[in-house]
Each structure stands twice: as C-alpha cells, then as structure tokens.
Engineer: 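Just dropping this structure here.
The analysis underlying the following values was restricted to heavy atoms, covering all of them including side chains, and did not include hydrogens, waters or symmetry mates.
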Amino acid sequence: MALLEIENLHVSYGSVEVLHGISLHVDEGEIVTLLGANGAGKSTTLLSISRLVNPREGRITFDGKNLLDYESYQVVGLGVAQSPEGRRVFGTMTVQENLMLGAFQVHSETIKQNTLEWIFQLFPRLLERRSQMAGGGEQQMLAMGRALMAQPRLLLLDEPSLGLAPLLVKSIFRTIRRISEQGVTVLLVEQNARAALKLASRGYVLEVGNVVMEDTAKGLLANPRVQKAYLGG
Ligand code: ATP
C-alpha cells in the first residue's frame with residue numbers, strides 16, 4: 001500500500017477549477033518529484049494534502065486514513081508536514097523560536113530537544129544563528145527545519161531551491177537526500193527539474209491541472225518531451 005495516495009483530485013478556486021482530477025502516489029521511503037510550469041497546480045496539490053485548500057472531489061489517503069476527514073493541524077499530527085513556498089517564517093522571532101513552532105504537536109521536551117539537535121546537524125547554519133531573528137538567506141532551511149520539527153513521516157517541500165544562490169541550492173539538495181536517508185518520505189515540488197530528477201526515484205509532470213506523465217526519474221530525464229519542456233532542451 002502507498003504511504004500517500006491521491007485519487008481523482010479536483011480543486012477549484014472560486015468557480016475556476018485548477019486541478020482536474022489528478023492521481024498520484026508516494027511509497028514509504030521514496031523521494032517523488034512533481035514537475036510543471038508556473039501555475040500548473042503543484043502548490044495546490046501540496047496545499048490539498050496539508051488540508052489548506054479544500055478539494056471539490058477526490059480522495060487523499062495517508063497511511064490508510066482519508067485526510068479529507070481531518071483538519072490541517074490534525075494532518076501534522078498524523079505525520080505530514082509542509083515546508084511552504086515563500087518560506088513564511090516569522091521575522092520577529094528567533095530562528096530557534098521559529099523551529100519550536102513546528103513542534104506544536106510534540107509534547108515531550110526530550111523529543112523536542114532531540115529533534116532540534118537533529119535539525120542543527122542537518123543545517124549547521126541554523127545552529128549558528130539560533131538566537132538571531134529569522135530572515136535572510138537561511139529562511140528556506142528554516143522553513144524545512146520547522147516542518148521537520150513535527151517529526152513527519154512525509155515531508156512536502158514546495159520549491160526548496162527557489163531564489164537561492166547556486167552553492168546553497170547544492171547544499172539544500174544534499175540535505176534533502178540526507179533527510180530521505182534518515183527515513184523521511186519526500187514529495188518535492190521543484191522548478192529545478194534536473195536536480196529534482198537526480199534526487200528522486202519517480203516523478204510526475206503536471207500541465208494545467210492534469211498529470212500528463214509519470215515515470216521513474218531516469219525515464220523522465222531521458223524523455224525527449226521532458227528534456228525539451230523542463231530540462232532546457
Ligand atoms: P507556481 O510554481 O507558480 O506556484 P504551481 O504549479 O504551484 O505554480 P499553483 O500555485 O497550484 O501552481 O496554481 C494553480 C492555478 O491556480 C494557477 O492558475 C493559479 O493562478 C491559481 N491559483 C493559485 N492560488 C490561487 C488562489 N488563492 N486563488 C485563486 N487562484 C489561485
């Protein structure tokens with residue numbers, strides 16, 4: 001059984017349908033990537049899983065549970081955490097305070113401290129800046145770290161490399177690999193299709209609200225249509 005299964009998902013904003021019945025699945029331990037142009041519906045897919053937008057039709061099953069029966073904060077408790085596009089960290093709070101927000105469902109102080117140490121190992125820069133106000137170049141890591149504070153089984157990453165300098169992009173992709181090796185399943189939305197496909201085991205291509213391709217990451221990398229549309233020729 002898949003850890004996450006989306007079936008026939010339809011989502012509208014007002015009267016405009018932007019997801020037209022997409023289906024996809026993510027197995028435990030996988031990194032799966034969702035590729036597509038701006039506006040294809042990638043963020044909407046992640047927001048639907050997190051229950052931040054309400055689908056009109058379809059099913060989203062996580063670990064056998066129908067997520068549409070749960071509120072967004074409960075979805076975090078079930079083991080799904082999202083690192084949102086645009087980072088959304090709180091600039092009036094320190095790095096460590098922002099991280100702690102992610103653990104709002106974790107009640108044991110020992111577990112919180114251990115998770116915090118794990119995140120500081122993954123992102124040493126956050127350790128250096130733990131007492132500084134959040135902002136600047138580490139916002140993306142902070143958003144990822146905050147999601148990881150919930151100790152998710154499934155991590156939803158929306159454009160983790162967006163706006164980062166090339167060296168930081170490499171470092172973020174290496175860190176996603178480490179997170180995956182430590183047992184967290186990852187659904188990754190990325191504009192940087194080549195890097196995402198090098199990291200992922202499988203991928204889906206979304207075009208104007210439909211899944212138009214699904215294959216192994218190797219298959220997608222070798223696919224002339226994917227090369228032309230998403231890999232710069
Ligand atoms: P991007 O990389 O630009 O975020 P995306 O593939 O993640 O693209 P979505 O953000 O899911 O795409 O957007 C899908 C469609 O829904 C787009 O046409 C977008 O304009 C529209 N849309 C997104 N959010 C809203 C909203 N809150 N209200 C109305 N329309 C929206």
Side-chain angles (χ1 to χ4, degrees), residues 1-85 88 102 104-105 143-144 147-148 150-160 176 179-180 183-190 193 196-197 199-217 219-220 226:
M1 193 179 65
L3 182 62
L4 175 79
E5 178 130 42
I6 295 181
E7 295 161 274
N8 191 33
L9 189 71
H10 291 258
V11 176
S12 302
Y13 291 112
S15 59
V16 180
E17 186 174 90
V18 299
L19 290 181
H20 309 297
I22 69 160
S23 296
L24 61 87
H25 72 273
V26 182
D27 289 332
E28 181 121 47
E30 278 193 302
I31 301 177
V32 170
T33 187
L34 208 51
L35 306 178
N38 281 340
K42 307 178 299 296
S43 298
T44 301
T45 304
L46 297 191
L47 292 170
S48 302
I49 301 166
S50 294
R51 301 292 291 117
L52 294 167
V53 303
N54 209 11
R56 200 164 56 71
E57 198 184 324
R59 284 174 64 83
I60 305 177
T61 313
F62 173 76
D63 195 23
K65 297 176 191 74
N66 180 4
L67 291 188
L68 302 186
D69 292 338
Y70 295 84
E71 305 279 342
S72 54
Y73 73 92
Q74 295 172 313
V75 168
V76 178
L78 292 177
V80 181
Q82 177 162 1
S83 173
E85 185 183 4
R88 307 222 178 111
F104 72 100
Q105 303 257 16
M144 278 171 68
L148 287 171
Q151 297 201 303
R153 282 173 72 190
L154 174 65
L155 178 65
L156 308 174
L157 293 175
D158 198 350
E159 304 276 8
I176 297 169
I179 292 166
S180 159
V184 181
T185 304
V186 178
L187 180 56
L188 169 67
V189 163
E190 256 297 330
L197 287 171
L199 193 65
S201 56
R202 291 188 303 113
Y204 294 83
V205 178
L206 216 54
E207 283 176 7
V208 282
N210 293 294
V211 170
V212 294
M213 262 185 268
E214 78 173 274
D215 201 349
T216 60
L220 290 171
V226 174

Engineer: Please name all residues satisfying side-chain hydrogen bond (donor to acceptor under 3.5 Å, both in side chains) with Glu30, sequence neighbours left out, ordered by chain then number.
Structural biologist: Ser201, Arg202

Engineer: Using 0.5 Å steps for rounding, measure from the CD atom of Glu207 to the NE2 atom of His20.
Structural biologist: 11.5 Å

Engineer: Sequence neighbours excluded, which residues qualify as side-chain hydrogen bond (donor to acceptor under 3.5 Å, both in side chains) partners of Ser50?
Structural biologist: Gln82

Engineer: Under 4.5 Å between any side-chain heavy atoms of Glu214 and Leu24, yes or no?
Structural biologist: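 Heavy-atom side-chain distance check fails, nothing below 4.5 Å.
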
Engineer: Under the side chain to side chain contact (heavy atoms under 4.5 Å, CB included) rule, collect the residues that match up with Val184, sequence neighbours excluded.
Structural biologist: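 Testing Val184 for side chain to side chain contact (heavy atoms under 4.5 Å, CB included), a comparison that skips the adjacent residues, returns Trp118, Leu155, Ile179.
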
Engineer: Show the nearest heavy-atom pair for residues Ala200 and Thr33, with the distance to one decimal.
Structural biologist: CB-CG2, 3.9 Å

Engineer: Could you pull out every donor-acceptor pair under 3.5 Å between side chains of residues 62-81 and any protein atom, sequence neighbours left out?
Structural biologist:
| residue | atom | partner | partner atom | Å |
| --- | --- | --- | --- | --- |
| Asp63 | OD2 | Arg153 | NH1 | 2.8 |
| Asn66 | OD1 | Leu68 | N | 3.1 |
| Gln74 | OE1 | Glu71 | N | 2.7 |

Engineer: At what distance, to the nearest 0.5 angstrom, does CD1 of Ile31 lie from OG1 of Thr185?
Structural biologist: 9.5 Å

Engineer: Quick test of your reading: applying salt bridge (charged side-chain N to carboxylate O under 4.0 Å, His left out), list the pairs with at least one residue in residues 46-60, sequence neighbours left out, ordered by first then second residue.
Structural biologist: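 For residues 46-60, and leaving out neighbouring residues, the salt bridge (charged side-chain N to carboxylate O under 4.0 Å, His left out) pairs sorted by first residue read Glu7-Arg59, Glu17-Arg56.
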
Engineer: Tell me, please, which residues at least two apart from Ala2 pass side chain to side chain contact (heavy atoms under 4.5 Å, CB included).
Structural biologist: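 Side chain to side chain contact (heavy atoms under 4.5 Å, CB included) check on Ala2 returns Glu5, His25, Asp27.
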
Engineer: Starting at CG of Asp215, measure out to CG of Leu220 and round the result to the nearest 0.5 Å.
Structural biologist: 5.0 Å

Engineer: When rounded to the nearest 0.5 angstrom, what is the spacing between CG in Leu52 and OG1 in Thr44?
Structural biologist: 11.0 Å

Engineer: Between Lys42 (side chain) and Leu206 (backbone), is there a donor-acceptor pair under 3.5 Å?
Structural biologist: no

Engineer: Taking all non-hydrogen atoms of both residues, which atom of Ile22 and which atom of Asn210 are closest, and how far apart?
Structural biologist: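 Scanning both residues, the minimum pair turns out to be CG2-CA, 4.0 Å.
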
Engineer: Considering the options Leu35, Val32, Val26, which one meets the side chain to side chain contact (heavy atoms under 4.5 Å, CB included) requirement together with Tyr204?
Structural biologist: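 So the option named by the test is Val32.
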
Engineer: With a 4.5 Å cut-off on side-chain heavy atoms, are Ser48 and Val53 touching?
Structural biologist: yes

Engineer: Looking only at heavy atoms, what is the nearest atom pair of Val11 and Pro55, with distance?
Structural biologist: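 The pair with the smallest heavy-atom distance is CG2-CA, 3.9 Å.
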
Engineer: Output the distance between atom CD (Glu190) and atom CD (Glu159), rounded to the nearest 0.5 Å.
Structural biologist: 5.5 Å

Engineer: In a check of side chain to side chain contact (heavy atoms under 4.5 Å, CB included) between Ile6 and each of Leu19, Val211, Ile49, which one passes?
Structural biologist: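 By the side chain to side chain contact (heavy atoms under 4.5 Å, CB included) criterion, Ile6 pairs with just one of Leu19, Val211, Ile49: Ile49.
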
